There are 2 protein chains.
Amino acid sequence: MNLRELAAHLGLSQTTVSRALNGYPDVAEATRRQVMDAARQFNYRPNPAARRLATGRAGTVAILFPVERNLLVDPHFFELLAGLADMIARTEMELSLRATPPDQELDNYRRLVNAGRVDGFVLSSPTLQDPRIPELAALGAPFVVHGRTEVALPYAYLDIDNEDAFARATALLLDLGHVDIALLNGDPALGFAVDRERGFRAALAERGLAPFEGRVRNAPMTEETGYRSARALLERPERPTAILASSVLLALGVYRAARDLGLAIGRDVSVIAHDDALPYLKAETFDPPLATTLSPIRHAGYRLGEMLIDRIAGVDPQNLQEILTCDLVFRASVAPLRGEDGPRRGPTSAASRSRTKDDPRSSDRRPAR
Amino acid sequence: MNLRELAAHLGLSQTTVSRALNGYPDVAEATRRQVMDAARQFNYRPNPAARRLATGRAGTVAILFPVERNLLVDPHFFELLAGLADMIARTEMELSLRATPPDQELDNYRRLVNAGRVDGFVLSSPTLQDPRIPELAALGAPFVVHGRTEVALPYAYLDIDNEDAFARATALLLDLGHVDIALLNGDPALGFAVDRERGFRAALAERGLAPFEGRVRNAPMTEETGYRSARALLERPERPTAILASSVLLALGVYRAARDLGLAIGRDVSVIAHDDALPYLKAETFDPPLATTLSPIRHAGYRLGEMLIDRIAGVDPQNLQEILTCDLVFRASVAPLRGEDGPRRGPTSAASRSRTKDDPRSSDRRPAR
DNA sequence: TTGTACGCGTTATCAA
DNA sequence: TTGATAACGCGTACAA
């Protein structure tokens, strides 16, 4: 069923039917009702290709992600994608997923815009001076950013308050008596990593403190790097008593390193991580449960879809800037600093989780390796 | 730059230019060369909307995934998606990602096909009698399946030899003396779970054995369910001495459960898992390193893209059926069954990884809880 | 081997 | 308030 057939059936011209369907003002209310009813009845859907040809709009939003062969694609990216796809599916738009070699990324944006194949983009994981932002702005293409950068342009973004979240997490640890706190952060080229470090340092500075030597580490956010970093930090006698991690995967590595070294999470070293709520790896099922700064990334994807559609509809980017506050979720991976009498250095049995119940195992401690 | 302008520039008709570009035979070689050169020079790209309108082909392949609010989307799905997107990006096609409420999934396939909006689909995670397969076959829409089902239709698929992989893994455990082996499997409605269980049982049957009571467990493949299942299995005195897990995430939960119970992976309980090679969670970095049946799922996504394009081009589905053999990767999570003299039941220190070096810790054993 | 002419289904312009 | 008509850019019978 196409427009011509629908118009013929109604005894109207295509023009009128088209206008009725698209909400133009200059059409009689009675006519509109007729048209709408018939369209619904025949389950009429405008042909997107024809519409695209006629309007020049693509009816498509895209998200590009750089891939190198066998290279890591951040699982957070996909979780964002799930929310975005969910949102876009509720509209008439399509979501086009495009992989690109990293060195051709800007080119691809340009091409897609110039060819009119895409109406708007979602940018994720912006770097501090992300070249995509001025590029797309210059091209006049609508876009929304997941995160913020230092680019001095009025662009639409959705971000979490990373600085505040990590400042609050740090303050919590300080309140519990911790002083030597480490930060396992992501790639320092990424905006969120900078913000988190800033929050971390700010909270320390507020009490006249600063990070100890070598306590801030940047690396890709995988279990493996979390392990390596934590291991390097914790195996020395003058180890930090608390660790902030930028992702739950990093924290997973921290837990493994602690076990390796016979340290009990919570008792010997407190851990707080940022939690993007990956559905298959939950902080609350860690052992012990992992304290987090929480902000579900899938919801961010959903909201970014809404914002992008607004942006495409012409909403001013200044009015599309949102910062979400993270919840700080306290769990057993965090505990007060143990007193001077406690074994500040001596690693203890890894089987410490039962200590709260019936088996303190204070006699179970062994000397460090 | 469009076709008309290009033709005008060359002093040719649009028809000739179009035919030259699209590889029609009836065009002079000299003309073709001219046209090709000019097209390259002006960086001419046919307008996809116009082409779609003229040909009826959409130039788009799609992958649908069911989402319910806050529901788990399998991380393996996304890893497959990464490979698929990578492949499709090398073609002129687009990849459309579509979220759908589970109860409208079939409807969505129908609509997309009937409206001519999609040229082909990749189906992932097929159930045993997957209704999508007969539906799409009836619609005449090209599709390829990641996995196999029991549907009696000649459809294109790419699968791994799950039965063989789990039979070999089981056989390895049997060779090492294990008899009481458990299987932590995925949703039993999914084909791969059935195949794996079949392989598991076959290998046992070959030695006149069968799984012990309650040793086969089905559940979603998350860390949490892996933990629960393993915990239930391992906390009883008559526990299995080896566990097969259908995913690395499940194995992660198994490791946690073992630690909880003071059991050493490898020594007290051997573990093998299937590894789809999620880049951010590597079996080789487990502690101890996790033995696996390995088959990178991203590569499967890539290959499925190639196959789908062939299928759309008209290749017979019978000629698009591939089964990949998994590698069996031996690592320290697997060890021979300990002799009768060993503490078959008594849990031991979790800090067992150093036992191979300088500290056997044979005196370190504690009674079970 | 090349060109003419039309159709794909829609929206936009203009006149009625 | 409605309708005829012309794009949009391409592919393809059919004619030359």
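A note on names: the letters A, B, ... follow the listed sequences, proteins ahead of strands, and every chain is numbered from 1. Everything quoted here is computed from the prediction, not taken from an experiment.
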### Residues forming a salt bridge (Lys or Arg N to Asp or Glu O under 4.0 Å) with A:Asp187, sequence neighbours excluded
none
### Message
Looking at B:Thr16, I'd like to know whether one of its side-chain N or O atoms comes within less than 4.0 Å of OP1 or OP2 on C:dT1.
### Response
no
### Task
Rounded to the nearest angstrom, tell me the gap between atom CG in B:Asp26 and atom C1' in C:dG3.
12 Å
### Task
Report the distance from atom CZ of B:Arg117 to atom P of C:dG9, rounded to the nearest whole Å.
15 Å
### Message
Under the rule for ring-ring contact (aromatic ring centres under 6.0 Å, His included), what residues qualify as partners of A:Tyr44, not counting sequence neighbours?
### Response
none
### Message
Distance check needed: C:dC6 P versus B:Leu53 CG, whole Å only.
### Response
17 Å
### Message
Roughly what angle, to 10°, lies between the helix axis at the start of the helix from C:dT1-D:dA16 to C:dA16-D:dT1 and the one at its end, five pairs per end?
### Response
40°
### Query
Over how many whole Å does the gap from B:Arg32 atom CZ to C:dT1 atom P extend?
10 Å
### Query
Quick one: does B:Asp86's side chain have a donor or acceptor within less than 3.5 Å of a partner on A:Ala99's backbone?
no
Check residues 91-98 of chain B and write down every donor-acceptor pair under 3.5 Å in which the side-chain atom is one partner and the other belongs to a residue at least two apart or another chain.
from	atom 1	to	atom 2	distance (Å)
B:Thr91	OG1	B:Ile88	O	2.7
B:Thr91	OG1	B:Met93	N	2.9
B:Glu94	OE1	A:Ser96	OG	3.3
B:Glu94	OE2	A:Arg98	NH2	3.4
B:Ser96	OG	A:Glu94	OE1	3.3
B:Ser96	OG	B:Arg98	NE	3.1
B:Arg98	NH2	A:Glu94	OE2	3.4

### Task
Mind checking ring-ring contact (aromatic ring centres under 6.0 Å, His included) for A:Phe143 and listing every partner two or more places apart, or none if nothing turns up?
none
Kindly list each side-chain donor-acceptor pair under 3.5 angstrom involving residues 24-32 of chain B, sequence neighbours excluded, with atom names and distances?
from	atom 1	to	atom 2	distance (Å)
B:Arg32	NE	B:Ala20	O	3.4
B:Arg32	NH2	B:Tyr24	O	2.3

N/O donor-acceptor pairs under 3.5 Å from side chains in residues 1-12 of chain B, not counting sequence neighbours:
from	atom 1	to	atom 2	distance (Å)
B:Asn2	OD1	B:Arg4	N	3.2
B:Asn2	OD1	B:Glu5	N	2.9
B:Glu5	OE1	B:Asn2	N	3.2

### Query
Could you state the CZ-C1' distance from A:Arg52 to D:dG9, rounded to the nearest angstrom?
12 Å
### Query
Going 5' to 3' along nucleotides 10-16 of chain D, which nucleotides have protein heavy atoms under 4.0 Å from the base (write B), which only from the sugar-phosphate (write S), and which from neither (write -)?
BSBBB--
### Query
Excluding sequence neighbours, so at least two apart, what forms side-chain contact (heavy atoms from CB on, under 4.5 Å) with B:Asp276?
B:His76, B:His274, B:Ile297
### Summary
Result for 5'-nearest mapping on DNA chain C, choosing between A:Pro48 and B:Thr31, is B:Thr31
